[in-house]
Colleague: 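Once you've had a glance at the structure underneath, I'll fire off some questions.
Lettering of chains follows the sequences in order, A, B, ..., and the numbering in each one begins at 1.
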There are 2 protein chains.
Amino acid sequence: MPETHSRADRISGTRYGNRPTMKDVAARAGVGLKTVSRVVNGETGVTAETERRVQEAIDALGFRRNDSARVLRKGRTASIGLVLEDLADPFYGPLSRAVEEVARAHGALLINGSSAEDPDREQELVLALCARRVDGLVVIPAGDDHRYLEPELKAGVATVFVDRPAGRIDADVVLSDNYGGARAGVAHLIAHGHRRIGFIGDMPRIHTAAERLRGYRAAMEDAGIPVEDSWMSLGVTDPGRVRRAAEEMLSGPSPVTAVFAGNNRVTVTVVRVLAEQARRVALVGFDDFELADLLRPGVTVVAQDAATLGRTAAERLFRQLDGLLLTPERIELPTRLITRGSGELPPTD
Amino acid sequence: MPETHSRADRISGTRYGNRPTMKDVAARAGVGLKTVSRVVNGETGVTAETERRVQEAIDALGFRRNDSARVLRKGRTASIGLVLEDLADPFYGPLSRAVEEVARAHGALLINGSSAEDPDREQELVLALCARRVDGLVVIPAGDDHRYLEPELKAGVATVFVDRPAGRIDADVVLSDNYGGARAGVAHLIAHGHRRIGFIGDMPRIHTAAERLRGYRAAMEDAGIPVEDSWMSLGVTDPGRVRRAAEEMLSGPSPVTAVFAGNNRVTVTVVRVLAEQARRVALVGFDDFELADLLRPGVTVVAQDAATLGRTAAERLFRQLDGLLLTPERIELPTRLITRGSGELPPTD
DNA sequence: TAGAGCCTGGACAACGTTGTCAGGTGCGGG
DNA sequence: CCCGCACCTGACAACGTTGTCCAGGCTCTA
C-alpha cells in the first residue's frame, strides 16, 4: 500500500461534510453530548478521567468544533469585515494589517474584500458581510450613499468608516486631514517661490480627492494666486492619462513650475515624467511611499499614517462592540510634511 | 427631536441579535416560513402576488438572511481562507488581491490572516479558519510541519500551499523557481566579471531563502568560484542588521564587488547602503519592487509574479472543490531577470 | 445514620435556515 | 360531473452547537 493517499481516497472515503460531530465524540467516549461540549470549551465540572476519555475520542476522530453552529447559538461571530478599495495598493496593506492586529487582540478574524472603487461592489460586499453576521465593519467607502446600511446599524452591526466619511448616514469616521495636508503642501511650494502650480488628482466625487483639491485652492487663494484651469487635472489616475496630463501642464501656454500630486499612484507617474524633462520641476505628493528618499531628488510628500488610521478605526469598532461609544464621531488625524528635495526646488521658467 | 439618533437609541431599541428572521417576515406577510425562504432564494413556485407581499415584509423589517444558519444547513460556507506572512508586505498585496478576485468569481468571500512568520500563529490561524468551515485554504506556510492539517484534509478542506511547500504532508503547492531564478541572477553578475559576490538572505529554514541560497551556490560552483563564508549573511532581515551585514562584506579582507539580495526588503536596504559607498558595487535583487527603474542606477532584479502565483493557487483550489483534481501537484512558475543597470556594473576592486 | 448540599453528567430545547413531503386549490379532459 | 394533474403552499425535521434544568451519587455534618 502506498504511503500517500490520493485525494480521491480522501473524498470518497469520507464524503464532504461527514466530519465528526460532538455526538460522534460522545458516542465514542461513552459520555453525553453536553459533556463533550464542556470539555471542548474548557468548562468546569468534568472529572479528570472523563475529560481524558473525551480528549482521546476527539484526537482519534480528528474532531473540530463547528463554529458556524456555535455562532448560530451564541449570536456573535468573532469576526469583523474590512472593505477597502484595493488590497494590492501599497497604501492599504499596512492599514489592513493594523486592523487585523487589533482584531486579533480581541480574538476576532478579519474578512476583507476590495470594492475596486465601485459603489455597487462595495454595497454587495458590505451586505454579504452582514449576511455572514460579522460583528462589525470597517469600511473605506467607494460610494457616497450608505443608507442601505440603516437596517444593519439598527440591528447593532458596529461600523466605522475610514479615510472617507459615510454618505447620508450618521456613523463613526476616521480620516486624515486631507484639506490641511494639501494646503500645507501647496503652501510649501509657494514659499519656495512657485506661482504656477499644477494639481493632478482623482475624481472629486471621492472625498479625499475633493478635500485635497480644496486644500490646493485654499493655499493658492491664501497667496492671492488665481488658478488657471489648464493647471488642474481631475479624475485622472491611470498612468497613461496622468502622464499626458502632466506633459500638457508642463508645456501649455503658461507652463507650471511645480506639481502637487493628489495621491501616491499619481506621484509615482509624475516622478517618471519629470525625470524626462529638461528643466527641473518641483513636486510635492500626497501620501508617502517606499524609496521616496532614494530618488534624486528625494520626493517631498505630505504623509499620512495608514497603519494609525486602521488601528484607530478598529479600536473604535471594538469599543462600539463593548457598548462604550454612544455618539458617532469624526476623528481627524494630522498629516506630516516630509521634505526631501523635490519640493524645495526653485522655479525655473 | 433631533434628526440624528444616538447609537444608544439604536441598541436599546432593538437588542443585538434581535434581527428579524424568516419567521418574523412570514408572520408579517401572513405566509408560511418556507415561502419566505423560497422568495429569498429566488426559487420558483411562488405567485407574483405572494412574492410581492413577502418582499414588502422583508423591506419593512429590514430582513437579511442569516448565512451562518444557512451554512449549517447546506454544508458549504462559500468562503476561503488565506494565511500569509504579512499583509503589509508589498509582495503579498497583489497576491492576496489575485486570490480574492478568483474567489469572487466563484462567489466566495476571502478571510485572511497574517502569520507574522510564526509557525504557531500559522497553525492557530489555519485551525480557526477550519473551525469556521471555510471551503478551502490558501496557505503561505511559516512552519515546516503541517501534519496538524491531516484531519482537515481528510474531511475535505481543499488546500493549496503557495510560495513554499507544505511540510510532511502531501498537498498542492504553487511556487516560483527560486533556485533557478537566483542561479540566473548570480550567473548574470558573474557574466559581468564579478567573482567576489555577496549573498544576504533570510533564515534557511524558510524554503524560499534556502532555495535562493542553493541557486547562489550553484552559480558560483558552475563558475568554479569558491565561496567565502564572509560573503554570506543568512537569517538577516531587519534593516539594521542587513545594513551591518552589507557593510561588513564590503569592507572585509576580501571585499565583494557585487551583492545578491535575497528578497525585496533586503534589496531596498542594500540599495541604501550602496548609495553611501564611494566605489560602485553591483546589485541584483530577488523580487521586483515599485520604482526599481527610477533609482540611479536602476535595480536589476529577478522578478516573480505574485499575482500569478495567487491566481494559479486559487484556481487550483476551486478545481479541487469541484472535485476535478485527484493528485497533489507541485507547480513551479518561472522567474524573469529584469536588467536595469545595477546588475551590469563592472567590478571595481 | 439520615438529610442537606455539592459535584458530575445527560436529556432537551433552541438558534435560523433549507430539504422533504404532503395537503389544498383550480383547471382541463374524459 | 368527476377524476387526475399541475401548481402553490406550509408543517416538520434536521444541520451542530450551547444554555437550562434535573437526576443521581457522593461527601459532610448533626
Colleague: Among the nucleotides D/dT17, C/dG9, C/dT18, which one has an atom lying closest to any side-chain atom of A/T47?
Modeller: C/dG9

Colleague: Going by salt bridge (Lys or Arg N to Asp or Glu O under 4.0 Å), name the residues that satisfy it together with A/R65, two or more places apart in sequence or in a different chain.
Modeller: A/D67

Colleague: Would you say B/T50 reaches D/dT9's phosphate, i.e. side-chain N/O to OP1/OP2 under 4.0 Å?
Modeller: yes

Colleague: At what angle, to 10 degrees, do the two end axes of the helix from C/dT1-D/dA30 to C/dG30-D/dC1 meet, given five pairs define each axis?
Modeller: 60°

Colleague: In terms of side-chain heavy atoms of B/T35, which of D/dG16, D/dT9, C/dT8 is nearest?
Modeller: D/dT9

Colleague: Between C1' on D/dG10 and CD on B/E43, what's the gap in Å once rounded to a whole number?
Modeller: 14 Å

Colleague: Look at B/E315 together with B/R319 and state whether they make a salt bridge at an N to O cut-off of under 4.0 Å.
Modeller: no

Colleague: Side chain of A/E100, backbone of B/S114: donor and acceptor closer than 3.5 Å?
Modeller: yes

Colleague: Scan for salt bridge (Lys or Arg N to Asp or Glu O under 4.0 Å) pairs involving residues 20-34 of chain A, sequence neighbours excluded, and state none if there are none.
Modeller: none

Colleague: For atom CG of B/D144, decide whether the heavy atoms of other residues, nucleotides or ligands shown that lie under 6.0 angstrom number more than 12.
Modeller: no

Colleague: Would the base of C/dG10 count as contacting A/R38 through its side chain, where contact means a donor and an acceptor less than 3.5 Å apart?
Modeller: yes

Colleague: In plain terms, say whether B/E49 and B/R53 are close enough for a salt bridge, that is, a side-chain N and a carboxylate O under 4.0 Å apart.
Modeller: yes

Colleague: Give the rounded distance in Å between these two atoms: CZ of A/R76 and P of C/dC15.
Modeller: 18 Å

Colleague: Between A/E101 and A/R311, is there a salt bridge with N-O shorter than 4.0 Å?
Modeller: no

Colleague: Would you kindly give the CG-to-P distance between B/N66 and C/dC15, to the nearest whole Å?
Modeller: 12 Å

Colleague: Hey, does the side chain of B/K74 come within less than 4.0 Å of C/dG19's phosphate (OP1/OP2), counting only N and O?
Modeller: yes

Colleague: Report yes if at least one side-chain N or O of B/N41 is closer than 4.0 Å to OP1 or OP2 of C/dT18; otherwise report no.
Modeller: yes

Colleague: May I have the distance from A/E49 (atom CD) to C/dG9 (atom P), rounded to whole angstrom?
Modeller: 9 Å

Colleague: What is the distance, rounded to the nearest whole Å, between atom CZ of B/R53 and atom P of D/dC8?
Modeller: 15 Å

Colleague: Taking for each residue the nucleotide of DNA chain C bearing the nearest heavy atom, is the 5' side occupied by B/R64 or by A/G30?
Modeller: A/G30

Colleague: Would you mind reading off the distance between B/E51 atom CD and D/dC8 atom P, rounded to a whole angstrom?
Modeller: 12 Å

Colleague: Apply the side-chain contact (heavy atoms from CB on, under 4.5 Å) test between B/Q55 and each candidate in B/V39, B/T50, B/V40; give the one that qualifies.
Modeller: B/V39

Colleague: Please evaluate the base of C/dG16 for a donor-acceptor partner in the side chain of B/R70 within a cut-off of under 3.5 Å?
Modeller: no

Colleague: Mind checking B/V31 for me? I need base, sugar-phosphate or nothing, with any heavy atom below 4.0 Å counting as a touch.
Modeller: sugar-phosphate

Colleague: Counting only side-chain N and O atoms of A/S37, is one of them less than 4.0 Å from OP1 or OP2 of D/dT17?
Modeller: no

Colleague: Could you check which of C/dT18, D/dT17, C/dC15 has an atom nearest any side-chain atom of A/R65?
Modeller: D/dT17

Colleague: Given D/dT17, C/dG16, C/dT18, which nucleotide is nearest the side-chain atoms of B/T21?
Modeller: C/dG16

Colleague: Write down the distance between CG (A/D67) and P (D/dC15), rounded to a whole number of angstrom.
Modeller: 19 Å

Colleague: For B/V46 and for B/L72, find the nucleotide of DNA chain D with the closest heavy atom, then tell me which residue's nucleotide is more 5'.
Modeller: B/V46

Colleague: Measure the distance from CE on A/M22 to P on D/dC15 and round it to the nearest whole Å.
Modeller: 15 Å

Colleague: Kindly say whether, by distance alone, the side chain of B/K34 makes a donor-acceptor pair under 3.5 Å with the base of C/dG19?
Modeller: yes

